[in-house]
Amino acid sequence: MLVSGSQLVKLLPNKRPCRDCGFPTCFAFAMKLASGGATVDKCPHLSPETRAKIEELLIPPMKFVTIGTGGNKLEIGNEEVIYRHEKTFVHEPGIALLVSDKESDEEIQGAISRIRKLHYAWVGTMLRANLLAPYFESGDKPRFIAVVKRLRESIDLPLVIISEDAEALFAARDICADRQPLIYPITQGNIDTAIPKIKEKPTPVGVRAESVEGLVSLTTKLKASGIDDLVLDPGSKTMLEAIRDQTLIRRATLKQTFRPLGYPTMAFPCFMVRDNPLKEMLIASLYVNKYAGIIVLSNLDPNHMLPLLVQRLNIYTDPRFPMAVEEKYYEIGEPNEESPVLMTSNWALTYFVVSSAIESTKIPTFLLVQDAEGLGILTGWAAGKISGSTIAKLVKNCGIEERVKHRQLVLPGRIARISGATMEALDWKWEVTVGVREATAIGAFLPKYAKELKGKIAAGKAVPE
Amino acid sequence: MEYKAPIESNTGIVNVVTLGKPGGETVRIGGENTLPFHFFDDGSWPNPSVFALQILDREPPEDLPAFLYEPFKDVLHDPAKWAKKVEEFDYVDAIQLYLLSTDPADRGSAPEKAAEVTIKVAEATSLPLIIYGSGDPDKDAKVLPAVCEAVDGMNYLIGPVQKENYEVVGKAILAHGLFASAQTPMDINLLKELNVKLGHFFPLERIVIDPLSPALGYGIEYTYSLMERIKQLGEIIKDKMTQMPMIADFATEIWRSKQARENEEQGILWEAMTSLSLLTAGANILTHRHLKSMKLVKEMYESEVKQWQK
Ligand code: SF4
């Protein structure tokens, strides 16, 4: 739980609201503190102990960790809820590609170009994988160093350096420390020798134990040495262990404010599943839902990546704000001046469903999307966001009148009642047809309508007099 | 600092529903008082979630990719043979019969015809049936009562029961000893309201919640979070109107999407990921169209479920 204003006010000297902090009351100051809008040093009437206590309470329960530098850096942690309906998940997990140093130079070059090329346009955003994870498997240290060097030089993505051999791990770290790689794993076995080496050139650290409980002594020790940019691996081997371990860490972090587990986590579908790429992707998708901050995969097959990246986008969508698409006309297929013009609202879900239904008819179409502040058609109308005059404004301003030679518009069946008002607002220059109520019926409707439209155009009746 | 594992327990228990005709195979769902996969908490999830393969009452529309129905390509013209063939795949727990041809936007076939097909399918298979109308509330108000009569006493699940037709459809379901799948469009208040209305004459223990399940990429996050909430309200707050088991019926939605249709492996993953997400959100029944995607999720689920039931 994040600390609340009412918890903090108990620690303030409520006896004499003096306004020295610039707020009218101690309570107002406490509220501001809790929301991050003020710092505790603004109140001069606190003992050093109280001040320290408040500062401790104000630290977010889950550490914020940055891996990499520059525009592609990965930021994880700082999550505030266990279930997304409580507020929202904040930082999408990084998807990493494992690159074994046993692979040939050509294979490694292939991996680099694959991750570089791999991106998908998805309603206004670009989906892509974001990390490379060089993996020391060859037993040949110079080879590993060469691979890390190569990755570092050929692509500007954050690195997760994986090596059970601590010497190789730190040697690899040394050649790219300025790029803030995550080094993994720090374990019970190597922690004592690792601590001084980490402190030489501090970078984020992946900590591994065989259980959630096993992580506690490790993170406590690291923190005591001033090493606090940690990412946790509780060593889960199966789907159920993954859910258990991730859930317990998230609960301990948020419900108990248990600092030794208050860090983001990392997961390794690449090691949990061998030789079953689809299953590996399913485990990865589970980790998207269940709290991982970094997910390491053995392969980036383009046929497998799109669903995973879409899932990541979906789960990290803020449920408090309906997803909306931009108001404009969209081209589905390659529409021309005789193509139908349909209209819908800008709630992303409505847009998706309608556009994909149109797409599967294979009839090139213009789809006008009306800004309804992210509401659906019917609710948008009920809330006054969609009306005859808003639709008319959109038709006149979006440029569709230059793209089609007809003046025929199809409204969703659910707002049939405003078809008259729409024509009126368009000065009777457009004719409005009432379409279908459900997107599922577009498949039956659109081919017929397109044919009728063609007939009207041929007969010179597609523009109202 | 000492670590004390944050173990939780809930007192609300999800209703148990047993589907399947007398003498046939039955599936039992519900009965849990833990959240999905939370075998580490105090409590149990005694009845594993159930996987239903969807078949149609007509040959599949031509715009669906051929790979989708490959194993059944010789029987697609005959729903009874299709249903019989499903039994060859032992990881299928139940069959969803989707009466697509009754849809006014499809062939608009008559209620009598739907009843006829349904009874043939029911005779052909010993697996439990989940029988879904087209979703057109007016048409379903005619089709579903005819279907209920045809499968009298067979303990099948009938849906979707919607706010526009719950009285007539609900009464038919009750009169013939069946179970109701109550469907509302992704909203906690609407689904509670429908259950309250049904509850005036229909036993709550015979209801399954269908919150509508869009595909990955097309709004799955709404249903994902809604299912999590429904389960939590039922188990933690003990809200009687959300204590029913849930069905995630995405079989039709997945294959509307271009992404699932354009490439088989991508399609399999599209359906499997949707399924796994809703399974982790708490669904008790999951409907698939692709046999391979079902096999993938079911095998993962089963091998793990066994561990936690020991
Ligand atoms: S300065 Fe301190 S004591 Fe004075 S009003 Fe602000 S919080 Fe209260």
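The side-chain heavy atoms of A:R84 and B:Y224, taken from C-beta on, include a pair separated by under 4.5 Å. Two residues are said to be in side-chain contact when any heavy atoms from C-beta on lie closer than 4.5 Å; A:L306 and B:W270 meet this criterion. For the pair A:S360 and B:K258, the minimum side-chain heavy-atom distance is 4.5 Å or more. Counting heavy atoms from C-beta on, the side chains of A:I283 and B:M300 come closer than 4.5 Å. Looking at heavy atoms from C-beta onward, A:H85 lies in side-chain contact with B:Q232 at the 4.5 angstrom threshold. Put simply, the side chain of B:Y3 does not reach to within 4.5 Å of the side chain of A:L215, judged on heavy atoms. Between B:F39 and A:I243, the closest side-chain pair of non-hydrogen atoms is not below 4.5 Å.
Contact record, B:Y301 with A:M239: CA-CE, 4.1 Å, taken as the closest heavy-atom pair. Between A:M281 and B:M273, the closest heavy-atom pair is O-CE, 3.7 Å. Minimum heavy-atom separation, A:A252 to B:P6: N-CG, 3.8 Å. Residues B:E304 and A:L240 share a closest heavy-atom pair of OE1-N, 2.6 Å. Closest heavy-atom contact between A:V310 and B:G217: CG1-CA, 3.4 Å. What you find for A:W122 and B:Q259 is that their closest heavy atoms are CZ3-NE2, 3.4 Å.
The contact between A:L308 and chain B is made by backbone and side chain atoms together, counting heavy-atom distances below 4.5 Å. Proximity to chain B is absent for every atom of A:K362, based on heavy atoms less than 4.5 angstrom apart. For a residue to count as touching a neighbouring chain, one of its non-hydrogen atoms must lie under 4.5 Å from one of that chain's; by this rule A:T238 touches chain B with backbone and side chain alike. Within the 4.5 angstrom heavy-atom criterion, no atom of A:P277 approaches chain B. Neither the backbone nor the side chain of B:I188 comes within less than 4.5 Å of any heavy atom of chain A.
Across B:S225, B:G267, B:A5, B:A260, the residue that shares the most heavy-atom pairs under 4.5 angstrom with chain A is B:S225. Of all the listed residues (A:S285, A:P319, A:P302), the one sharing the greatest number of non-hydrogen pairs under 4.5 Å with chain B is A:S285. Counting heavy-atom pairs closer than 4.5 Å to chain A, the top-ranked of the candidates B:R261, B:E2, B:E253 is B:E2. Highest contact tally toward chain A, considering only B:T252, B:L276, B:V297, B:I7, is held by B:L276 [criterion: heavy-atom pairs under 4.5 Å].
The pair B:D41-A:R251 meets the salt-bridge criterion, since a charged nitrogen lies less than 4.0 angstrom from a carboxylate oxygen. The residues B:E8 and A:K255 are annotated as salt-bridged, a charged nitrogen and a carboxylate oxygen being separated by less than 4.0 angstrom.
In the model, A:H304 has a side-chain atom that pairs as donor or acceptor with a side-chain atom of B:E265 under 3.5 Å.
If you run side chain to side chain contact (heavy atoms under 4.5 Å, CB included) between B:S277 and each of A:N289, A:N314, A:V288, only A:N289 comes through.
Within 6.0 Å of atom NZ in B:K292, 12 or fewer heavy atoms from other residues, nucleotides or ligands are found, so the atom counts as exposed in its surroundings.
Here B:Y218 and A:W347 keep their ring centres 6.0 angstrom or further from each other.
A:Q256 contributes a side-chain N or O that, together with a main-chain N or O of B:K4, makes up a donor-acceptor pair within less than 3.5 Å.
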